[in-house]
2 protein chains.
Amino acid sequence: MPRLDDVARAAGVSKATASRALSGADGVSPATRAKVQRVADELGFRASGAARRLATGLTRTIGVLTPSVDRWYFGSVLHGIAHAADSHEHDVLLYDLGAFGHGGHEKFERFMRRGEVDGLVTITWSLVGGDLTRLAELSIPVATVGEPTPHTRSFCLDDDAAGRQATEHLVRLGHTDLLHLASQTEVQPFDASSSDRRKRAFEAVSAEHGLRMRPVRTVPTTLEGAHAVALHFLDRPDRPTGIVAGTDEVALGVMLAAHQLGIRVPEELSVVGVDDVPSAAPFGLTTIRQDPAQHGEDVVAWIMGAMRSRGRRGGDASQPDRSHTGYAPELVVRASTAPPRP
Amino acid sequence: MPRLDDVARAAGVSKATASRALSGADGVSPATRAKVQRVADELGFRASGAARRLATGLTRTIGVLTPSVDRWYFGSVLHGIAHAADSHEHDVLLYDLGAFGHGGHEKFERFMRRGEVDGLVTITWSLVGGDLTRLAELSIPVATVGEPTPHTRSFCLDDDAAGRQATEHLVRLGHTDLLHLASQTEVQPFDASSSDRRKRAFEAVSAEHGLRMRPVRTVPTTLEGAHAVALHFLDRPDRPTGIVAGTDEVALGVMLAAHQLGIRVPEELSVVGVDDVPSAAPFGLTTIRQDPAQHGEDVVAWIMGAMRSRGRRGGDASQPDRSHTGYAPELVVRASTAPPRP
DNA sequence: CTCGAAACCGGAACCGGTTCCATTGCCAGT
DNA sequence: ACTGGCAATGGAACCGGTTCCGGTTTCGAG
């Protein structure tokens, strides 16, 4: 494996000049630069990342903290992040904190201990209170996607609008007896998780239109979990005529349960979800669409910008950007919603 | 941020001793070691990963090449990998090659160019032929999970047994007219992808029992894709009485299509899948279970072992381990299979 | 009491880049 | 012709650890 020294010698220049030539810094004549680059190519030179990081202090890596990677939303965000990071010539260091609470804290501690990233994005807050504030210890840009947060720059669906749109869609169809299924948030450091905001939007719309007030139910975020609970609360005469689910997975679980109980969707029960997962379409699920991969791309774009501004000292004094981006939801009407039976 | 030098000075020892004390190397008296460790703690010392890598040549990082991260199988494997890597104090560098063929090669090139990992696991071969052999250029342990390969150590479900078990289950129930839906493999460098092996097992069992020979159909690996095709080929009088799907997602798509066409499962159509995804249970899908997260854990365990043996020079001369681990499939019988109607 | 091995430790080289600073060469301005 | 100034370049320090090598102790065996 050739070193920079070898390239320099072969090109007849000093290590310093070779470094400048290859890194694109100026102060090198075009002729010299071309020669060095050619020689480097011929020798198959690849700069040692370790040496570069040691010298520059930059890792060209961004870290991702995620509660888990095998759920549609998280996976899609991660996909967007990976794509964007790659196009910025950055690597992605993945920290799968695992099942919530399940040793997640220890993994977080190890992450902090290594801390070899230039920027960090957390997908949802899967951290407990104490850990949250510790993130400030790393003096690197931090952003969150999936939940609005007061501590960091954040990106996610406008949950309030999403909850409203879903509920109002059913109200417009004539429903007056709705039930909201909030998906369970395992860790909930703030009083305004995504799930909460959707729930409040539901309650607000319910109140505005004088709907029957049923207490919101909290169910597991998975299809199978929601299905199991739905089998119980759907199997009674005073069930609602429509259900606003916090998530497509939940909505699909409900549709399945309804089907198994002989309740026809949408004739006897309307169901709306949020997400627009790929299987929502074939199941005919009416839902609120969001594009997590795009969120991932955007968060990386922001991180890159933030890294640049820290780069040039002076932007340092300015307040860190803790603003929030809420994406506009888009209602997708399919076959799972209809006017209630008279 | 304190440096090793600071710790050494504060502890009244040399940098060399401090390094030995903290890294656990021997040649340090217990008393000295304790003192250095205490001082390091007090100062909040964290060794610079960059410096350590430069000095040792080890990155404490393993790379993961995956075709995408938002599909159940890949996500679960990645989850297992992340967990295992963490317990070995290693980081995970993620390379999401993105949609197959879609710039995947460029991303792969960038990966090779940086190449700062101690070990590499590829989830399925999403690489084209040329790229495959280039992996040997990196002289690090490489393993694959999700497909048996001739070039590397590999881990995956015993596809032959899985295909046989699924098919034989239907045969035992009395079916004689089956259709196999192989899931599409976008890149297929070898003549024996997972999908192929399951297909051949199906054909073998079919022949052994003299079943009606229908040509195998290849369908997209997604629920929505399989659903779309199933709507066509199920909607005809001479449809089979049973379907062996290469994947649960495909099986679920078929079940959905059948339902929409008014075909009752399992009375009029039996369906078997492979995977046992979480939603297979609520849907009552009979399937062949596998545990991808376990595969991820195992592949990391192997990588760690391989790294150690390369560490001690001498094991170097020995042939690299290219063996294959096939996990035994487990049939899970649920409600989607039954004897054919007479 | 002496001698040698073994344990412990410090100095310094090294990993492979980046970057500050000094030097050189060349050209325009007066 | 002289010089201020700028572009191009080289030397060397530096980033922060690890590790080789040689020098002291220490301690048990003879």
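Here is how names work: the chains are called A, B, and so on, in the same order as the sequence lines, proteins then strands, and each is numbered from 1.
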Specify the separation, in whole Å, of atom [atom1] of [X] and atom [atom2] of [N].
X       : N      : atom1 : atom2 : result
A/Arg46 : C/dG16 : CZ    : C1'   : 14 Å
A/Leu54 : C/dC14 : CG    : P     : 17 Å
B/Asp5  : D/dG17 : CG    : P     : 8 Å
B/Phe45 : D/dT18 : CZ    : C1'   : 12 Å
A/Leu58 : D/dC15 : CG    : P     : 15 Å
A/Leu43 : C/dG17 : CG    : C1'   : 16 Å
B/Arg9  : D/dG17 : CZ    : C1'   : 15 Å
B/Arg53 : D/dG17 : CZ    : P     : 14 Å

A/Lys15 (side chain) and C/dG17 (base): donor-acceptor pair under 3.5 Å: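 Check passes, donor-acceptor contact within cut-off.
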Check whether any side-chain N or O of [X] sits under 4.0 Å from OP1 or OP2 of [N], and answer yes or no.
X       : N      : answer
B/Thr32 : C/dC8  : no
B/Arg52 : D/dG16 : no
B/Thr56 : D/dT18 : no
A/Ser29 : D/dT9  : yes

Residues A/Asp6 and A/Arg9 bridged, charged N to O under 4.0 Å: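 A salt bridge links A/Asp6 with A/Arg9.
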Looking for any heavy atom pair under 4.0 Å, which part of the strands does B/Ala16 touch: base, sugar-phosphate only, or nothing?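 If one applies the 4.0 Å heavy-atom cut-off, B/Ala16 turns out to touch a base.
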Using a heavy-atom cut-off of under 4.0 Å over every strand shown, decide if B/Ser19 touches base, sugar-phosphate, or nothing.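 Answer is base: heavy atoms of B/Ser19 come under 4.0 Å of a base.
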Toward the 5' end of DNA chain C, by each residue's nearest nucleotide, A/Ala18 or B/Asp26: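 Nearest-nucleotide comparison on DNA chain C picks B/Asp26.
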[X], nearest nucleotide to its side chain (from [options]):
X       : options                : value
A/Ser14 : D/dC21, D/dG10, D/dG17 : D/dG10
B/Arg20 : C/dG17, D/dG16, C/dG10 : C/dG10
B/Pro30 : C/dG17, C/dC8, D/dG10  : C/dC8
A/Ala51 : D/dG17, C/dG17, C/dC15 : C/dG17
A/Arg3  : C/dC9, C/dG17, D/dG10  : C/dG17

Can a side-chain donor-acceptor contact be found between B/Thr325 and B/Arg153 if the only test is distance below 3.5 angstrom?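 Yes, B/Thr325 and B/Arg153 have a side-chain donor paired with an acceptor closer than 3.5 Å.
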Less than 3.5 Å apart, any donor N or O on the side chain of A/Gln294 or A/Asp298 sitting next to an acceptor on the other?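 Yes, side-chain donor-acceptor contact under 3.5 Å.
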Non-hydrogen side-chain atoms of B/His79 and B/Pro292 separated by less than 4.5 Å: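 The answer is no; the side chains never approach within 4.5 Å.
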With rounding to the nearest 0.5 angstrom, report the NE2 to CG distance, A/His90 to A/Asp118.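 One gets 6.5 Å once the value is rounded to the nearest 0.5 Å.
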Quick one: which of B/Ile81, B/Val117, B/Val299 gives a side chain to side chain contact (heavy atoms under 4.5 Å, CB included) with B/Ile62?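 Running side chain to side chain contact (heavy atoms under 4.5 Å, CB included) over B/Ile81, B/Val117, B/Val299 with B/Ile62 returns exactly one hit, B/Ile81.
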